[in-house]
Amino acid sequence: MESITPPLYALLVFMIVGSIIAIETRNLLSAVISVSAVGFALSVAFLFLGAPDIAITQLVVEVLVLIILIRGTILIDNTAIETHRDTLAVVSSLIFFGLLLGFGAMIFASEGFPAFGEPLMRVSKVYVQTGLPATYAANIVTSVILDFRAYDTIGEATVLFTSIIGALALLRRDGKVTRREVATA
Amino acid sequence: MVYFLCLVLMTMGLYCLVAKKNIVKKVLGIVIMDYAVNLYIIVVGYKTGGVAPVVEPGMSEGVLERFVDPLPQALVLTSIVIGLGVLALMVSMCVRLYEKHGTFDMSAISKLRG
């Protein structure tokens with residue numbers, strides 16, 4: 001079996017370059033499209049990493065993210081903000097992010113951290129071995145989501161429901177009393 | 001090294017969240033951080049030479065040992081969908097702020113009182 005490492009590195013570098021463009025470009029529309037390019041590369045990376053379910057979900061979610069961002073914000077106002085930058089804030093944040101990267105590199109290189117390609121799989125060994133006989137689901141991910149850890153999925157549905165209710169409450173039109181109506185009433 | 005590149009990606013999202021003044025840019029920073037964390041969790045569960053954890057008829061018994069870790073995949077599936085809901089909530093907040101203040105500039109919004 002050939003190594004997946006070179007295409008994975010290529011995709012990661014592509015994602016990093018795409019997010020640099022998204023962060024630094026002046027035009028908001030190109031920033032949104034760069035983030036979408038990062039998301040599609042992420043979907044391909046999931047395919048390389050042996051996660052087809054995640055790749056499909058990421059693809060669908062990516063299209064929705066693009067639609068929501070463009071329709072919700074970019075169509076309103078696409079002007080770049082031309083204020084001068086706070087130099088001290090930028091420099092100090094760069095210093096702290098450098099420290100974060102340094103400590104992260106130290107942690108990843110330290111002893112006891114599982115190396116790339118050698119997962120622990122203490123819990124999921126049981127899931128892999130008993131997934132098919134216990135739940136009759138051929139896809140082990142499905143059996144984990146809908147059977148072994150169904151409470152997690154209930155929590156996910158709750159969070160999703162709450163956030164969508166919040167968005168609808170923020171964006172509703174009906175039943176809203178304007179100031180003029182209050183003044184004339 | 002793959003872990004470190006994921007950390008670089010997350011740090012750039014964090015920088016975008018902290019240092020940019022436009023709210024839409026801040027939202028994009030959160031989205032980039034979301035991608036980086038999801039990718040990191042999947043990368044942690046990858047096994048060298050692994051295959052996707054789907055049992056097909058006629059598979060030999062030893063293939064169970066070659067499956068990548070299915071648990072991070074299940075958790076990330078949850079995380080991706082939650083990220084979409086949170087993005088919808090953030091974008092609706094941005095739309096409301098724009099309707100109230102007429103700008104996406106964070107510093108201008110924080111100067112206006114009420």
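Every chain is numbered from 1 and lettered A, B, ... according to where its sequence line falls, protein lines coming before strand lines.
For the set A:T73, A:V32, A:L168, A:L69, the count of heavy-atom pairs under 4.5 angstrom toward chain B peaks at A:T73. Listed options A:V123, A:L101, A:I68 were ranked by heavy-atom pairs under 4.5 angstrom with chain B; first place goes to A:L101. Contact count versus chain B (heavy atoms, under 4.5 Å) is highest, among A:L160, A:I165, A:L49, for A:L49. Of the residues considered (A:G39, A:P52, A:G131), A:G39 shows the highest number of contacts with chain B, using heavy-atom pairs under 4.5 Å. Note on A:E62, A:E118, A:Q129: by heavy-atom pairs under 4.5 Å with chain B, the leading option is A:E62. For the set A:V144, A:V61, A:V159, A:I54, the count of heavy-atom pairs under 4.5 angstrom toward chain B peaks at A:I54.
Heavy atoms closer than 4.5 Å to chain A are found in the side chain of B:L75, but not in its backbone. With a 4.5 Å cut-off on non-hydrogen atoms, A:L170 touches chain B through its backbone and its side chain both. Residue B:M93 touches chain A through both its backbone and its side chain, counting heavy-atom pairs closer than 4.5 Å. A:F161 does not touch chain B: none of its heavy atoms, backbone or side chain, sits under 4.5 Å away. If you measure heavy-atom distances from A:F148 to chain B, you find no contacts under 4.5 Å at all. Heavy-atom distances place no part of B:D34 under 4.5 Å from chain A, backbone and side chain included. Residue contact with chain B, scored on non-hydrogen atoms closer than 4.5 Å, involves the side chain of A:Y127 exclusively. Using a 4.5 Å cut-off between heavy atoms, A:I16 contacts chain B through both its backbone and its side chain. Using a 4.5 Å cut-off between heavy atoms, A:L132 contacts chain B through its side chain alone, with no backbone atom that close. Interface residue B:I32: only side-chain heavy atoms are found under 4.5 Å from chain A. Contact annotation for B:Y98: only side-chain heavy atoms (C-beta onward) come within less than 4.5 Å of a heavy atom of chain A.
Salt bridge annotation for B:K25-A:E24: absent, with no cationic side-chain nitrogen under 4.0 angstrom from a carboxylate oxygen.
In B:K47, the NZ atom is crowded: over 12 heavy atoms of neighbouring residues, nucleotides or ligands sit closer than 6.0 Å. Sparse packing is recorded around OH of A:Y151, with 12 or fewer heavy atoms of other residues, nucleotides or ligands lying under 6.0 Å away.
Considering A:I23, A:V35, A:V65 as possible partners of B:L28, the one that fulfils the side chain to side chain contact (heavy atoms under 4.5 Å, CB included) test is A:V35. A side chain to side chain contact (heavy atoms under 4.5 Å, CB included) with A:T57 is found for exactly one of B:L77, B:V76, B:T78, namely B:L77.
In this structure, B:V44 and A:P119 have side chains that are not in contact, with every pair of non-hydrogen atoms separated by 4.5 Å or more.
Here B:Y3 and A:F108 bring their ring centres to under 6.0 angstrom of each other.
Between the OG atom of A:S93 and the CG atom of B:L17 there is a distance of 11.0 Å, given to the nearest 0.5 Å.
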